[in-house]
Amino acid sequence: MSQPRPDEFKPPPECPVFEPSWEEFGDPFAFINKIRPIAEKTGICKVRPPPGWQPPFACDVDRLHFVPRIQRLNELEAQTRVKLNFLDQIAKFWDLQGCALKIPHVERKILDLYKLNKLVADAGGFDIVCRERRWTKIALQMGFAPGKAIGSHLRGHYEKILYPYNLFQSGANLLVDLVVCLVCGSGEDEDRLLLCDGCDDSYHTFCLIPPLHDVPRGDWRCPKCLAQECNKPHEAFGFEQAYRDYSLRAFGQMADAFKSDYFNMPVHMVPTELVEKEFWRLVGAIDEDVTVEYGADIASKEFGSGFPIPNGKLKVTPADEKYLKCGWNLNNLAMMNPSVLTHVTADICGMTLPWLYVGMCFSSFCWHIEDHWSYSINYLHWGEPKTWYGAPGFAAEQLEEVMKKLAPELFESQPDLLHQLVTIMNPNTLMAYGVPIYRTNQCAGEFVITFPRAYHSGFNQGFNFAEAVNFCTVDWMPLGRQCVEHYRMLHRYNVFSHDEMVCNMASKADTLDVVLASAVHKDMVIMIREEQDLREKVKKMGVLHCEEAKYDHLQDDERQCAKCRTTCYLSAVTCPCSPGVLVCLHHISNLCSCPVSNYTLNYRYTLDDLIPMMTAVKQRAELYDEWASHVIETLEAKLEKKKGLPVFRSLLAESESKMFPDNDLLRRLRLVTQDAEKCSSVAQQLLNGKRQTSGKSRSQLTVEELSSFVRQLYNLSCSLPQAPLLKELLNRIEDFQQHSEKVLADEVPSVAEIQSLLDVSFDFDVELPELPRLRVRLEQARWLEAVQQASSQPATLTLETMRRLIDQGVGLSPHPSVEKAMARLQELLTVSEHWEDKASSLLKARPPHSIETLSAAAEKASGIPAYLPNCLLLKDTIRKAQEWLQEAEELQVRTLIAIRQAIQVHLEPLDRLESLMVEVQEWKQSAATAFLQKDSTLTLLEVLCPRCEIGNVRSPKRKTKKGKESNKKKMLRLNTLTEVEKALSETKDSTSAMATLEELWVREMEAFSNLRAANESKLLPTADCMDLKVCVCQKAPMGAMLQCELCRDAFHSVCVRDVSDSPETQPWLCPYCQRSEKPSLNKILSLLSSLRHLEVRLPEGDALQHLVERTVNWQHRTQQISQTCNLPESEERPGTPPTLTCWVSGSHDTQNNTQVAHHQLVSLLETMSVTDKKAKRHLERDGLDGERRLKDRKHSHKRQKINKKNLQRRPASTSSSPRSDFSQSDDSDEEMAVCPAEMCQLPEGDEVDWVQCDGSCNQWFHQVCVGVTAEMAEKDDYICVRCSLSDRHTRK
């Protein structure tokens, strides 16, 4: 983008543009009064009517003919006109000398002779500039580049063209008249003697200054005639009228053709900026003469207004009738009631009737202010824009001073030049001297309003049509009187008499608007005081004769002051010597030369007449004045004298009820009240602590803004009750800030203290910069507190806790206290992790470390204030090792070994113990070889010990019962082999072990008794064979069946091993009952003997010893039964073991021929249990007689074949009193019900809850003994342990 030239026009700032709503647009004076405080600061403003406001163009285009003004653009600008006038003088001087002036060119530019002459004159003149060699400086001041010897050229041109003129102006060649040559007095050299063509005087050519080298060819004037011609005053500059009369259409064609040809493009495509820059370039160019024409000041009265008027030639449509009475119709605006011009009786159509303006490109209106400093409004009906420039009224005198300073020659001849509308000056020049200038482009359909005493000028961008009119409002009244005084000094005539207008309004005081009455009263006070002073002055001067004069009956030009041209009204002075001549009281001395005593004072009103008029206006204005005085007093009250908001509201209400005008005072009152209302609302919100949450969230006030707001409250003209409360709130906030800063400065602040500050802050609806810092500090304080709390309890300070605290600390904002705590915590974590890892490695070391090494490590780790599991485990390990060493000799080997396995310490007695364990393992292996079957899943202890679990049969229903519980002794709860092994290991001696095994054997016998009874009952012929489930496959009986001699259950021969696999002499046992091999008694005794040599007690050894004791007891009982019943001795059969006759627990002496096989012991156990119960069961076959059945009973050890057809199931027992079928307890004969649970708890009380097994046994159990609640008993089925095991084996 190219840079603008230094002399290129720079547009001033834009003036305000207003776009009123339809409501505001309805009253033009109210709207103008509303925008006046803003618009008068720029002098001009633009108003865009609401969309849709488009009055029809009503001017009679065919009748409109006008003669435009001719405007030469370079003559319009003041400085350019001064230069042109100077050039005219120089040209005339040389023309009268007989020489034609040719303006030279320097550096391809026309030499500015006016500027060169002025610079040389300011430097002291030609001689001084030459003597001091200032020509180079003069060249630089004229804008020429240095280094090109321009100074010598300028000297030559000055000496040739300007120096003779300046010598002539100084009078150097004005000499006395002589007969021959008026210079030398000689008559010689007649051929060189010149004769003046004006006065016939003679001069030698060489006597002239400067001398002439040749005789001029044309007319020649002598210096005397030349001085007379050049000293003639300039004629007043004005626009010439064109010679052609234009119609509107013809002028438009001419205007469009000019613009299109000048810019070489269609008129609508020329940018307004380009036209503006070109206009100001042309008005400043002395070498370019562009002439345009302007149809200005065309009376609308003659050709019709552009707005429609009633009874006009334009027939208005019904839709456009609204424009006839519209206030913005310029025909109506000037004469509306709010305009004071309606009270002027004189013919002032020049102000109150609109004027028409037809413009073309570059046609302009020069700097001026309106008559009587009134308002003006201009409406552009159509066409291209009009560019405006304006200066505010307060800068009027400043603008005048600048123009007089820059073009004094023009004002010397025309003091009222700016009132002639013929002079323009570049706005950039005025702005350079500090004059505020504003601009705007007025487009078609827009208004431009100028304010009182606002200078304005401008030009047209192209062909357009505008209309303008003047108007005055109440606020203009003081300026109108000031303008009259200004006109008196300029000797400028008035359009109307201001005093006459004021008196006319005073005569109608009763009908005046209160505001206008107030303004009239103030103006009359000034008017009467001034008139009184002037009349007293005139009286003192000697004017004694007074006479009433009806000046309002005279035309304005018949009552103008002969001196200042002021229109007289209240008074004037006349003299009989000069009929028709009068002067105002300011210029009595300028009337005539007659004695003052001959003068007559003519007056319209006496002072006594004016006082009542002023009083009437005053009374009318007092109503408003009283209100206005109260308003001013209220607005300007200070401190405790300030009124409350209700007083302001009442004043506003009074202004509305009495229809006071919307003036500055009322607007100020309204603005102050609105501000107070807003401040009161905001203050109340701040006091309530309300935060807006709906919609866009508003920004909270800062403390500085709140402080400023409090100051604003106290600076209001209104006293608000919230102000002291808000001041107190501000003090609390400041206290909060000070407390917060103190807390934030603490190294380790209290969490409670910070939280209390945050809680207090919720009452403050302001933005507090301390809050984010407090929240951050609260997190830090909470973390520090957590670290302190964790550190104070080392027993709970785990590694995970430390890591979690460190992770939390990493996310905190940096602070010295946090960093210190983090460093300590990180150090503790590092040390803890190190010792944890070290303790773990010590515990896992192979071979284990000595107890001394571990103790040293544990001692070092004990000083760490944290919970370290591995270190604690290390300490516990050391403790256990030390205890083991102390108790090693006292504890049983197995227990010591088991404990040792958990101790990772090298123990010296370990080798001896491990050797002993090897021997124990070898003994166990020998015993297992003797007792365990091939591929058996049972352990040695499981085979030797009485069985803990016996198979059961399920029943589909459970029942509950409450009853009395006996005081039966509780039995041990040994339900699993693990519990049995644990119990045997914990016994102190063999006697305790034997008692435990004896109790287990009793439980085993009871369980087998119940199982046998259940199995035999289900195989009775009454049972339904199809519903019966037998065998390992849990299916109905069919085909060849086998019955176990021990559990009495039936099995399919195809599901179990073949009968031929077992000797015929041995009873058949089912897979569930055949649990082990049956070694000889000698082998068993050998095993017991070898175990005693080891000096070690083993659970397996105790179980084997108990088995032998049971065998001996069974032999004794068998012998007793045989002797009692006189049974014949059983004949020996192959494989029948001999009777064991002598066995004493703990004895090593045993007969060699005494051998008892394990399977015989089992058979005897079965026989004993059946005999004691006296409830043998047998199967009946169809077609068998009593002998066959007797034989079957005698040989019960033989295997039975069962036919499916003969199997009947016995119905379930319905006994109401649950009884156990078999019991080994001492109180088995009691009539009370006995709980068959293996570990009955013997509950006591008035009522004991019972539950019946829903399996096959249908036995009754204490609910507490089998772990069943009353709710479970009601809702779910209960199956006892025996029935559950039976069902499990069946599924297998």
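The residues of the chain are indexed from 1 along the displayed sequence.
- Within 6.0 Å of atom CZ in Phe57, more than 12 heavy atoms from other residues, nucleotides or ligands are found, so the atom counts as buried in its surroundings.
- To the nearest 0.5 Å, the span separating CG on Leu333 from CG on Asn470 amounts to 10.0 Å.
- Rounded to the nearest 0.5 angstrom, Asp371 CG and Met351 CE are separated by 5.5 Å.
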Next item on the list: Could you give me the CA-CA distance, side-chain angles and deciding distance for Phe263 and Leu274, then say whether side chain to side chain contact (heavy atoms under 4.5 Å, CB included) is met?
Entry: CA-CA 9 Å; Phe263 290 101; Leu274 176 60; 4.0 Å; yes
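- The shortest heavy-atom contact between Val495 and Asp556 is O-OD2, 3.2 Å.
- One distance of note links CD of Glu14 with OG1 of Thr42; it measures 10.5 Å at 0.5 Å rounding.
- Taking every heavy atom of both residues into account, Pro385 and Cys443 meet most closely at CG-SG, 4.4 Å.
- Without hydrogens or angle criteria, Ser260 side chain to Ala257 main chain gives no donor-acceptor distance under 3.5 Å.
- Side-chain rings of His498 and Tyr569 stay apart, their centers remaining 6.0 Å or farther from each other.
- Using modelled atom types and a 3.5 Å distance limit, the side chains of Glu278 and Tyr262 yield a donor-acceptor pair.
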Next item on the list: Might you work through the side-chain hydrogen bond (donor to acceptor under 3.5 Å, both in side chains) test for Glu446 and Tyr379, ending with a clear yes or no?
Entry: CA-CA 6 Å; Glu446 296 178 342; Tyr379 180 75; over 6 Å; no
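- Side chain of Ser339 to backbone of Met336: no donor-acceptor contact under 3.5 angstrom is found.
- With sequence neighbours excluded, no residue forms a side chain to side chain donor-acceptor pair (under 3.5 Å) with Lys41.
- Once rounded to the nearest 0.5 Å, the distance linking NE2 of His343 with CE of Met501 reads 8.5 Å.
- Atoms CD and NE2, on Glu370 and His456 in that order, are 4.0 Å from each other to the nearest 0.5 Å.
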Next item on the list: Mind running side chain to side chain contact (heavy atoms under 4.5 Å, CB included) on Glu276 and Arg439 for me, showing each step along the way?
Entry: CA-CA 11 Å; Glu276 184 175 28; Arg439 72 173 301 281; 3.1 Å; yes
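- Nearest heavy-atom pair, Ser457 versus Cys366, reported as atom, atom and distance to 0.1 Å: CB-C, 3.6 Å.
- Note: Leu353 CG to Ser305 OG = 9.5 Å, rounded to the nearest 0.5 Å.
- Proximity of Arg36 to Phe451: side-chain heavy atoms (C-beta onward) are separated by under 4.5 Å at one or more points.
- Enclosure of atom CG in Asp557 by more than 12 non-hydrogen atoms of other residues, nucleotides or ligands within 6.0 angstrom is indicated.
- Residues Thr345 and Asn504 meet the side-chain proximity criterion, which asks for heavy atoms closer than 4.5 Å.
- For Tyr357 and Phe365, the gap between ring centers reaches or exceeds 6.0 Å.
- A donor-acceptor contact under 3.5 angstrom links the side chains of Asn378 and Gln442, judged on distance only.
- Side-chain contact annotation: Tyr493 with Arg565, donor-acceptor N/O pair under 3.5 Å absent.
- Closest approach of Leu64 to Ile298, counting heavy atoms only: CD1-CG2, 4.1 Å.
- Contact annotation: the side chain of Phe31 approaches that of Trp328 to within less than 4.5 Å [non-hydrogen atoms, C-beta and beyond].
- Qualifying side chain to side chain donor-acceptor pair (under 3.5 Å) partners for Arg63, counting only residues two or more places apart in sequence or in other chains: none.
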Checklist line | Derivation of the ring-ring contact (aromatic ring centres under 6.0 Å, His included) call for Phe251 and Phe66 | finding: CA-CA 9 Å; Phe251 187 85; Phe66 60 93; 5.3 Å; yes
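- Minimum heavy-atom separation, Leu341 to Cys472: CD2-SG, 3.7 Å.
- Atom CD of Glu397 has 12 or fewer neighbouring heavy atoms from other residues, nucleotides or ligands inside a 6.0 Å radius.
- Aromatic rings from His486 and Trp373 are positioned such that their centres are separated by under 6.0 Å.
- Within 6.0 Å of CE on Met489 lie more than 12 heavy atoms contributed by other residues, nucleotides or ligands.
- Between Arg453 and Cys483, the closest side-chain pair of non-hydrogen atoms is not below 4.5 Å.
- Side-chain N/O atoms of Thr566 and Gln560 include no donor and acceptor closer than 3.5 Å.
- Looking at heavy atoms from C-beta onward, Pro436 lies in side-chain contact with Gln398 at the 4.5 angstrom threshold.
- Sparse packing is recorded around CG of Asn264, with 12 or fewer heavy atoms of other residues, nucleotides or ligands lying under 6.0 Å away.
- A donor-acceptor pair is defined here as one N or O able to donate and one able to accept, closer than 3.5 Å; no such pair exists between the side chain of Asn331 and the backbone of Ile309.
- No donor-acceptor distance shorter than 3.5 angstrom exists from the side chain of Lys322 to the backbone of Pro55, with no hydrogens or angles considered.
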Next item on the list: Check step by step if side chain to side chain contact (heavy atoms under 4.5 Å, CB included) holds for Trp476 and His372.
Entry: CA-CA 10 Å; Trp476 164 85; His372 287 261; 4.1 Å; yes
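- Ion pair Arg69/Glu293 not flagged as a salt bridge, since none of the NZ, NE, NH1 or NH2 atoms sits closer than 4.0 Å to an Asp/Glu carboxylate oxygen.
- Here Phe471 and Phe29 bring their ring centres to under 6.0 angstrom of each other.
- Looking at every heavy atom in both residues, Ile437 comes nearest to Leu399 through CD1-CD1, 4.4 Å.
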Next item on the list: Evaluate the side chain to side chain contact (heavy atoms under 4.5 Å, CB included) criterion for residues Phe362 and Gln71: first the C-alpha distance (whole Å), next the side-chain angles of each, then the deciding distance (0.1 Å), finally the verdict.
Entry: CA-CA 9 Å; Phe362 298 147; Gln71 294 181 334; over 6 Å; no
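- Taking the side chain as every heavy atom from C-beta outward, Leu248 and His65 never approach each other to under 4.5 Å.
- Side chains of Glu401 and Tyr433: a donor-acceptor N/O pair is absent below 3.5 angstrom, by distance only.
- The ring pair (Phe, Tyr, Trp, His ring centres under 6.0 Å) with Phe447 is formed by just one residue from the set Phe18, Trp53, Tyr375; it is Trp53.
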Margin query: Working note: Lys386 + Asn460, criterion side-chain hydrogen bond (donor to acceptor under 3.5 Å, both in side chains); need CA distance, chi angles, decisive distance, verdict.
Written below: CA-CA 4 Å; Lys386 186 188 295 285; Asn460 296 289; 2.6 Å; yes
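- A donor-acceptor pair under 3.5 Å is formed between the side chain of Ser497 and the backbone N or O of Glu500.
- Aromatic rings of Phe459 and Trp388 (six-membered ring for Trp) have centroids beyond the 6.0 Å cut-off, not under it.
- The side-chain heavy atoms of Phe394 and Glu40, taken from C-beta on, include no pair separated by under 4.5 Å.
- Two residues are said to be in side-chain contact when any heavy atoms from C-beta on lie closer than 4.5 Å; Met360 and Lys259 fail this criterion.
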